[in-house]
Amino acid sequence: MSGAPQLTTAARDPASVLFSDVRALDPRAGIQARCDLLVSHGEIAAIGEPGTISPGEDAELIDGRGELQLFPAFFDPHVHLRVPGQEHKEDLETGTRAAAAGGFCAVIAMPNTDPPIDSAPILRSLHELAAQEARVAVGFLPAISKGLRGAELTEMVELRAAGALGFSDDGRPVADAGLLRDAMRYQRLAGGVLALHEEELSLAAGGVMREGPTAARLGLRGIPALAEATMVARDAALALAEDARVHFQHLSCEGSLAALAAHKSIGAQLSAEVTPHHLLLCDEDLLGLETALKVNPPLASAADRSALRSALREGLIDCIATDHAPHAREEKEVPIEQAPFGSTGLETAFAALYSELVLPGELALSRLIEALTAGAELFGLPVPTIARGAPANLALVDLQAHWVAGEQGWESRAANCCLAGRPLRGRVLMTLAGGTVAYRERSFAMVAL
Ligand code: DOR
C-alpha cells in the first residue's frame, strides 16, 4: 500500500451521462449557470450553453428542463460506519449507500469501532474491504490513542504510511493534555490532521443533554457547554504552541467559537465543523424525550445554535459534517438516560439545511455548497468540483421536490435519525462519485429507464 493518504472505493463502470439544460452551481469554481454538462467515461468532458452538447453514442441523456440543479457532490469528514465489529448498526456498503443517497461522493470514517481502528493491519484490512464494498470513496481517521484509552499513542507514522488521513479518538476526548501534546509533535512528523472530540469528562459527568432550563425541567442530568469550550480553549492553545494542525469536530457552543476565533486570529492552524443537527435543533426539542435526539455533544441552547449559524455564514466554521452515527433500533428504544448518543444524518443533510436555513434566507445556497464540500480540502484531498477534465463527482438535485424524511425508509441500516418525519424540500436524484453512478433516487431511476 502506498504512503499517500488514502480514499478507497469499489471499482465500478465509469459513467457516461449528458446532463442537458441543468443549473450548475459550484461557488469555488465560480460556476453558476444553466448549461449542458457531458460526463464521458467518468470524467467531465464538456460544459457548454444549453442545447449545444449532444450525448453521442453511449451517454445516457438526463433532461434538466432548466430546473434540476447540479452541484459538486458533497464530502463528509465525519461519519461512523461501524466496521469492524458493529455491523448490526451499519457497514461499509450500507453506510456508503446512505452517503450516496445524500449526494456525498466521499466520507471519512471514525475509529470508535470494536476493536477500534488503531493499528496499520486493521486500517489496511478496512481499505481492502472498502475496495470491495464502498459505493463512494472512504477514508479513515485511525485512533490517536491505543484502544481509544487515552493512555498511549498509536503508531502514527506507520498509520500514515498505511493511508490514514489523520487521527481522532472521536466519541471520546483526549483527556490527558501531555499525551495530546505528544500526539501533536508526532503529527508534525507524520502529517495528517488531528481531529478532536472536545469534552471535559469531569464537567460532562454522565450527563444526558445540554445543561439548562430544559434539562432542569425534564429532571435530566445536564452537560454544560463549558465541558466543550474549556477543552477547545486548552487544545487551541496547545495547537498554537506546537504548530500542530488541529480540526475541532462537531462544535456546539459559543464559548468554543470564541476560543477558536481567538486562536485562529493569532495563527493557530485550526479548522472546525458543525453538524446539521446542531444547526437545526436545540435542547428544547428534547422535551418529547426522543432518544434519536440524544447526541454528543448535546443539542445546544437556542442562543448557541444561533451563534453556530453565524459562524458558519461567516466562515469561522469551515465545513459541515454529519457525524452520521447509526445505532440499532433496540439500542435506542430504551429510556433516554440509557440510550447511546448519536443520530444518522447522511440522507437528510442537504435537504434539511436547504429547507430550514437556505429557503428562509438564513444561509446562502452557495455557502451551503461550499461548506458541504470544504471537508476534503481540510484533510488534504482534492475538493469535488465542476470543471472540465475533473472526475465526475456530482449531485443532481430537484430543489422543488417535497418529501418527508424517512417516509420511504432509509438506505442506512439504521433508522435513528433525529430529523425523521420532517417535511423537507430538495431531493437528491442522482449522485456520481469518482466517475461512477453511486445512487439514483427510486422514482427518478424509473423515469430514467
Ligand atoms: O452522538 C455521537 N455519537 N457523538 C459521538 O461523539 C459519537 C457518536 C457515536 O459513535 O455514536
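The first residue of the sequence shown is numbered 1, and numbering continues consecutively from there.
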**Student:** Let's go through V295 and H277 carefully: what are the C-alpha distance in whole Å and the side-chain angles of both, what is the deciding distance for side chain to side chain contact (heavy atoms under 4.5 Å, CB included) to 0.1 Å, and is it a yes or a no?
**Tutor:** CA-CA 9 Å; V295 289; H277 48 270; 3.9 Å; yes
**Student:** Just one of Q69, E67, Q32 clears the side-chain contact (heavy atoms from CB on, under 4.5 Å) bar with R23, so which one?
**Tutor:** Q69
**Student:** Between F140 and H127, does the ring centre distance come in under 6.0 Å?
**Tutor:** yes
**Student:** For E90 and T94, does a side-chain donor sit closer than 3.5 Å to a side-chain acceptor?
**Tutor:** yes
**Student:** Under 3.5 Å, is there a donor-acceptor pair linking the side chains of Q249 and D323?
**Tutor:** no
**Student:** Quick check: do W410 and C417 have side-chain heavy atoms less than 4.5 Å from each other?
**Tutor:** yes
**Student:** Check the pair V428 / L396 against side chain to side chain contact (heavy atoms under 4.5 Å, CB included), numbers first and verdict last.
**Tutor:** CA-CA 6 Å; V428 176; L396 181 74; over 6 Å; no
**Student:** Does the pair L251 and L257 meet the rule for a side chain to side chain contact (heavy atoms under 4.5 Å, CB included), with working shown?
**Tutor:** CA-CA 8 Å; L251 289 189; L257 298 173; 4.3 Å; yes
**Student:** Do S412 and E347 make a side-chain contact, defined as non-hydrogen atoms from C-beta onward lying under 4.5 Å apart?
**Tutor:** yes
**Student:** Between D118 and T154, do the side chains contain an N or O donor and an N or O acceptor separated by less than 3.5 Å?
**Tutor:** no
**Student:** For the CD atom on E331, are there more than 12 heavy atoms of other groups (residues, nucleotides or ligands in this structure) within a distance under 6.0 Å?
**Tutor:** yes
**Student:** Is atom CZ of R388 surrounded by more than 12 heavy atoms (other residues, nucleotides or ligands) closer than 6.0 Å?
**Tutor:** no
**Student:** Starting at OG of S168, measure out to CG of L196 and round the result to the nearest 0.5 Å.
**Tutor:** 7.0 Å
**Student:** State whether the number of non-hydrogen atoms from other residues, nucleotides or ligands found under 6.0 Å of E254 atom CD is greater than 12.
**Tutor:** no
**Student:** Per the ring pair (Phe, Tyr, Trp, His ring centres under 6.0 Å) rule, which among H324, H197, H278, H80 passes with H250?
**Tutor:** H197
**Student:** When you check the side-chain N and O atoms of S343 and N416, is any donor under 3.5 Å from an acceptor?
**Tutor:** no
**Student:** Tell me the closest heavy-atom pair linking K294 and A339, and the distance in Å.
**Tutor:** NZ-O, 2.5 Å
**Student:** Give a yes-or-no answer on whether the side chains of K89 and H327 include a donor-acceptor pair shorter than 3.5 Å.
**Tutor:** yes
**Student:** Quick one, L312 and L279 - any side-chain contact, counting heavy atoms below 4.5 Å?
**Tutor:** yes
**Student:** Are the aromatic rings of F350 and F71 close, with centres under 6.0 Å apart?
**Tutor:** yes
**Student:** Verify side chain to side chain contact (heavy atoms under 4.5 Å, CB included) between F248 and E198, making sure each step is shown before the conclusion.
**Tutor:** CA-CA 7 Å; F248 292 118; E198 297 296 37; 3.1 Å; yes
**Student:** Would you say D13 has more than 12 foreign heavy atoms packed within less than 6.0 Å of its CG?
**Tutor:** no
**Student:** Just wondering, do I62 and V17 contact through their side chains at under 4.5 Å, heavy atoms?
**Tutor:** yes
**Student:** Pairing donors with acceptors under 3.5 angstrom, does anything connect the side chains of T291 and E333?
**Tutor:** no
**Student:** Any heavy-atom pair between the side chains of F167 and L153 that's under 4.5 Å?
**Tutor:** no
**Student:** Do T373 and R28 pass the side chain to side chain donor-acceptor pair (under 3.5 Å) test, and can you show the C-alpha distance, the side-chain angles, and the key distance before you say yes or no?
**Tutor:** CA-CA 10 Å; T373 50; R28 214 178 265 99; 3.2 Å; yes
**Student:** Do we see a donor-acceptor contact under 3.5 Å between the side chains of S252 and R210?
**Tutor:** yes
**Student:** Give the intermediate values and the outcome of salt bridge (Lys or Arg N to Asp or Glu O under 4.0 Å) for residues E128 and R124.
**Tutor:** CA-CA 6 Å; E128 277 161 26; R124 279 194 209 100; over 6 Å; no
**Student:** If you define the side chain from C-beta out and look only at heavy atoms, does anything of V79 sit under 4.5 Å from I108?
**Tutor:** no
**Student:** Between L194 and I144, is there a side-chain heavy-atom distance shorter than 4.5 Å?
**Tutor:** yes
**Student:** Does the salt bridge (Lys or Arg N to Asp or Glu O under 4.0 Å) test come out yes or no for D318 and K264, once each step is laid out?
**Tutor:** CA-CA 12 Å; D318 302 84; K264 255 189 174 179; 3.1 Å; yes
**Student:** Kindly indicate, with the supporting measurements, whether the criterion salt bridge (Lys or Arg N to Asp or Glu O under 4.0 Å) is fulfilled by E362 and R367.
**Tutor:** CA-CA 11 Å; E362 274 219 55; R367 177 67 192 132; over 6 Å; no
**Student:** Hey, is CD on E290 packed in by over 12 heavy atoms from elsewhere, all under 6.0 Å?
**Tutor:** no
**Student:** Show the nearest heavy-atom pair for residues P382 and A376, with the distance to one decimal.
**Tutor:** O-CB, 3.5 Å
**Student:** Going by atom types alone, do R245 and S271 pair a side-chain donor with an acceptor below 3.5 Å?
**Tutor:** yes
**Student:** Crowded around Y354 OH? As in, over 12 foreign heavy atoms under 6.0 Å?
**Tutor:** yes
**Student:** Side-chain contact, heavy-atom cut-off 4.5 Å: Q6 with L165?
**Tutor:** no
**Student:** Out of I44, T431, V437, which residue meets the side-chain contact (heavy atoms from CB on, under 4.5 Å) rule with L394?
**Tutor:** I44
**Student:** Going through the distances and angles, do D21 and R34 end up as a salt bridge (Lys or Arg N to Asp or Glu O under 4.0 Å)?
**Tutor:** CA-CA 6 Å; D21 199 5; R34 271 173 80 164; 3.0 Å; yes
